[in-house]
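The block underneath contains the structure these notes are about, expressed in structure tokens.
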Amino acid sequence: MNTTVAQLHLYPIKGCRGIALDAATLAATGLEVDGIGDREWVVVDDDGEFLSQREYPMLARVETRMTETHLRLKAPGMLQLEVPFASEGDVVKARVWDDTIAAVTQGEVADAWFSNFLGVPARLLRFDPEHTRLASHRWTGKDEAPYKFADAFPLLVTNTASLADLNRRLQKQGQPAVDMQRFRANLVLDGIEAYEEDYIDRITVGEVVLRAVKPCARCSVPGVDPASGEHSPVVPDLLATYRGRTSGEPQGVMFGINAIVVAGAGSTLRVGSAAEVALRL
């Protein structure tokens, strides 16, 4: 089945605003730009537990940009912050769900910036390059799939037709359309039917081969408006009426598919590239 890579998105900081890309390097851990990976940084509390838009939806208003030497952050009411890529810090422990992950501190200035913006004690940490975190073999089988601070897998794939269907349903309810930012996908496909991504086995783009391993069960984050940082239950509640899965594994409200890199690490992915999608029959 012939499709197209419609969008590529990198999220330098877990929970913060992403960057739309025309092209990206595919690493085993997900998308990269000039060696900076997806979910390379995470914001944590005093105990090292990650902070997310679930509890702190204003994270959606933290804009991320990358210069040649710094991660540049902007947020309403805050001075611009630049976090140097070359900074060195102490190795500490971060907690993402059930995983304890080695991470590197990014300095008191960055910690104070996030603490002031969120109104709670917070620290910015970077993934320790000496650490390896692998996705669960329950879903990846024999394949080893390293990733950084993402929830559970290197890549999240969504589909423009699925978003269009959701927006038609929203508009029938008199609600405004939403965009794909709410679903925080890395790779967005165009050219397959709505929700056909549920049945994807493999995605091939040139030398790149991705394997879909697990439907993505959504939490409350798609209810966060990226522009305002405000949460509304409208989108999650609507999805729950027709995308809920109550039997088998996984269960929950599904939108998108998690994927791992089978081949082609080091290759470049580009928006507009042709992709071949193989479905599970």
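Source: prediction; values computed, not measured. Values reported hereafter were calculated over all heavy atoms of this structure, with side chains retained and with hydrogens, waters and symmetry mates removed.
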**Item:** Test side chain to side chain contact (heavy atoms under 4.5 Å, CB included) applied to Leu189 and Ile200, Val205, Ile257, Thr158, the passing residue
**Value:** Ile200
**Request:** Could you point out which residue of Asp111, Asp90, Val91, Thr105 forms a side chain to side chain contact (heavy atoms under 4.5 Å, CB included) with Leu125?
**Result:** Thr105
Does the side chain of [Y] come within less than 4.5 Å of [X]'s, by heavy atoms?
| X | Y | answer |
| --- | --- | --- |
| Arg202 | Val209 | yes |
| Thr268 | Leu26 | no |
| Leu71 | Glu82 | no |
| Pro250 | Arg245 | yes |
| Asp38 | Thr29 | no |
| Glu197 | Val157 | no |
| Thr64 | Tyr11 | no |
| His131 | Ile101 | yes |

How long is the gap from [atom1] on [X] to [atom2] on [Y], to the nearest 0.5 Å?
| X | Y | atom1 | atom2 | answer |
| --- | --- | --- | --- | --- |
| Arg169 | Gln175 | CZ | CD | 15.0 Å |
| Glu276 | Thr3 | CD | OG1 | 7.5 Å |
| Gln7 | Asp22 | CD | CG | 11.5 Å |
| Asn258 | Asp151 | CG | CG | 8.5 Å |
| Met66 | Ile36 | CE | CD1 | 6.5 Å |
| Arg168 | Gln173 | CZ | CD | 14.0 Å |

**Asked** Does Glu40 come within less than 4.0 Å of Lys14, counting only side-chain N to carboxylate O?
**Response** no
**Prompt:** Between Asp47 and Arg95, does at least one N-O distance fall below 4.0 Å, as a salt bridge requires?
**Reply:** no
According to a 4.5 Å side-chain heavy-atom criterion applied to Ile, Leu, Val, Met, Phe, Trp and Tyr, with indirect links allowed, do [X] and [Y] form part of one hydrophobic cluster?
| X | Y | answer |
| --- | --- | --- |
| Leu187 | Leu279 | yes |
| Phe117 | Tyr56 | yes |
| Phe153 | Ile13 | no |

**Request:** Report the hydrophobic cluster partners of Met180, with the cluster defined as I, L, V, M, F, W, Y residues connected by side-chain heavy atoms closer than 4.5 angstrom, directly or transitively.
**Result:** Leu163, Leu166, Leu170, Val178, Phe183, Val188, Tyr195, Val234, Val235, Leu238, Leu239, Tyr242, Val253, Phe255
**Partner residues of Ala28 under the side chain to side chain contact (heavy atoms under 4.5 Å, CB included) criterion, sequence neighbours left out** = Pro146
**Donor-acceptor contact below 3.5 Å, side chain Arg211 vs main chain Thr140** = yes
**Message:** Which residue in the set Asp128, Asp99, Asp98 passes salt bridge (charged side-chain N to carboxylate O under 4.0 Å, His left out) when paired with Arg133?
**Reply:** Asp99
**Message:** Please evaluate residues Cys216 and Met254 with respect to the criterion side chain to side chain contact (heavy atoms under 4.5 Å, CB included), reporting the C-alpha separation (whole Å), side-chain torsions for both, the decisive distance (0.1 Å), and the verdict.
**Reply:** CA-CA 5 Å; Cys216 185; Met254 305 300 166; 5.9 Å; no
**Proximity of Phe149 and Phe127 rings by center, below 6.0 Å** = yes
**Heavy atoms of other groups near Glu193 CD, more than 12 under 6.0 Å** = no
**Request:** Check the pair Leu134, Glu144 against side chain to side chain contact (heavy atoms under 4.5 Å, CB included), reporting the backbone distance first and the verdict last.
**Result:** CA-CA 6 Å; Leu134 296 177; Glu144 291 200 340; 4.0 Å; yes
